[in-house]
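Right, one structure below, let's go through it.
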Amino acid sequence: MEDTGTVVAFWIFAAITVGAAIGVAAVRNLIHSVALLIVTFAGLAGLYITLSADFIAVVQVLIYIGAIAILIIFAIVLTPRAGRHNQESFMLLPALALAALVAGTMIFVAFDTNWGAQRSEGFEGTATAIGDLLLDRYALPFEIASVLLLSAIVGAILLVRPEGPEEEAE
Amino acid sequence: MPILLRGEWYDLRDLANPVRELIDGLGLVSEVDYVLWSLIASLAILTWLVLSVLAFIWIERRVVARMQNRKGPNRVGPAGLLQPVADALKLLLKEAITTRGADRLLFWLGPVIIFIPTIVVFAVVPFGESMVLADLNVGVLFMIAVAGIMTPAVFLAGWSSNNKYAMLAAMRTIAMLISYEIIQVLALLAAVIFIGSMNLQTIVSWQDEYNTWLIFIMPLALVAYLVAGAVEINRSPMDISEAESELAAGYHTEYGGIKFGFFYQAEYLAGFAIAASATTLFFGGWTLWGLEEWIPGWLIFLGKLYAVFFVYIWSRGTLPRLRIDQLMTFAWKFMLPLMILNVLLVAAEVVIWEETGASRNVALPAIGAVNAALAAVLVIGWARFLGHGSGRGRGYSATLTREVGKIYYTGAEAS
């Protein structure tokens, strides 16, 4: 992160990400807040690019904007009480406490980590290295995550399945 | 090969040469150079896109008319050539209507956001040997990821209209997009596994070096990619999201004037993007078996791209529309298992090829033949297994769709 271009890009992306993230919490309309969340995801992808993590950045766009945002949208649309506005926020205090805890942990980690040790070696392809590590050294966690996701899919199908013997469709 | 002119500024086989010469001649700082270079390249791509869309609006209408025994637009200008211009002017001059109760900001943002992915995709597409705006290492993934931005944009457009039909159409469009995105990814995954790179330029040069195109090696993946692409761009066998007779006009029902024009253009641009990626991955990109030394590579690329896009026009003129349940069943029960098998097969072939160390002249034809034969067997066998094709002569053959929705077999009792 030495040259001016990266620094400028970092500050622009950081401003976009943080600004949109504040908006997510502050905006009344739930769909607006999802739209802002998408902007946050996009800003994060930009930050990953400034860190030379091209694969992570693209996957961030693919998974978070293309899938997670849609999941949240479906959750909002399909939840009866969600409606169009989120005025009644009786969960305000627990949410604040949780947010404070997360923020505290992040700040602690940020100050505790030794950031000076590693230095980026420029923009090399990271996809191959990630693939090697995932299928070699971290094969077991990778497989466990896959099995977990698969069981979640099967569970979801089981939950929405109509009970009783299958009726023959006419 | 007498490559006398390669690299000179007047060598128009690579349009990057004159631009680089021009920028070098200015003698600026490297950062400014970079910005200028990107600006010129982006403007060139944008200009080409706009001109192509205008041309293909006319070509599509004329060709489809010819296929359906009509005349097509032939009043404005010679042979109706100015029809797209007239259309664009009409859209520009129309009153911009916003429905009451619409979410004004998101209503305005919808057409803008849907435009972004369709243009950004072309940043990684290699038009020629050095004619690529961003030569990313994860180019294939980038194309898929950027195309995924369309999904939330469709929802925002449908939701902000404050119209239940637009909302319903948006929901089913999203369901279709997500289902077929998986198939698209699996189809491209097979190609990436076989070549061993996600860089589009590397994929092109691999096909050039091994003297083959991926269509000959994995035809099933290409067919799946084109079908999934047809869903993404709402082309005719899959144009359920704007089925005129069922849904008013789909998620952009409430949009009029130039905002509707944006959606219309975005669909065309996405079509070019699909054709461009299919060309690059499966048809050898800007190479043509050595002919690219003589003909500009970008002309070869554009020729292939338009040929692939023509397939979409052709299918629009000939094929009837699927129902939504048929479309979803087709994705999840038919295409998905086939594509997973395809990925497994290709991975196994790569390993076997590496283990045996066969020469490419033996391995590639063998793999191609095996894949083509297996593709045919799998498609026919899996269709039979799901109940298609077995009930010939009995008036129905729709057990595949029977499990999903209500179907009345009109011909069953009569025979």
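Just so it is clear, the structure is predicted and the values come from calculations on it, not from any experiment. Order of the sequence lines sets the chain letters (A, B, ...), proteins ahead of strands, with each chain counted from 1.
The closest side-chain donor-acceptor pair between S277(B) and Y225(B) falls under 3.5 angstrom. Remark: the Q201(B) side chain and the D135(B) side chain contain no N/O donor-acceptor pair separated by less than 3.5 Å.
Only the side chain of I174(B) comes within contact range of chain A, with at least one heavy atom under 4.5 Å from a heavy atom of that chain. Within the 4.5 angstrom heavy-atom criterion, only side-chain atoms of I178(B), from C-beta onward, approach chain A. When heavy atoms are compared at a cutoff of 4.5 Å, M167(B) approaches chain A solely by way of its side chain, counted from C-beta outward. Using a 4.5 Å cut-off between heavy atoms, I65(A) touches chain B through backbone and side chain atoms alike.
Comparing L62(A), I63(A), V34(A), V59(A) by heavy-atom pairs within less than 4.5 Å of chain B, the highest count is held by L62(A).
Within a 6.0 Å sphere centred on OH of Y64(A), heavy atoms belonging to other residues, nucleotides or ligands number 12 at most.
In this structure, Y138(A) has its ring center at least 6.0 angstrom away from the ring center of F142(A). The aromatic ring centres of F194(B) and W206(B) sit less than 6.0 Å apart.
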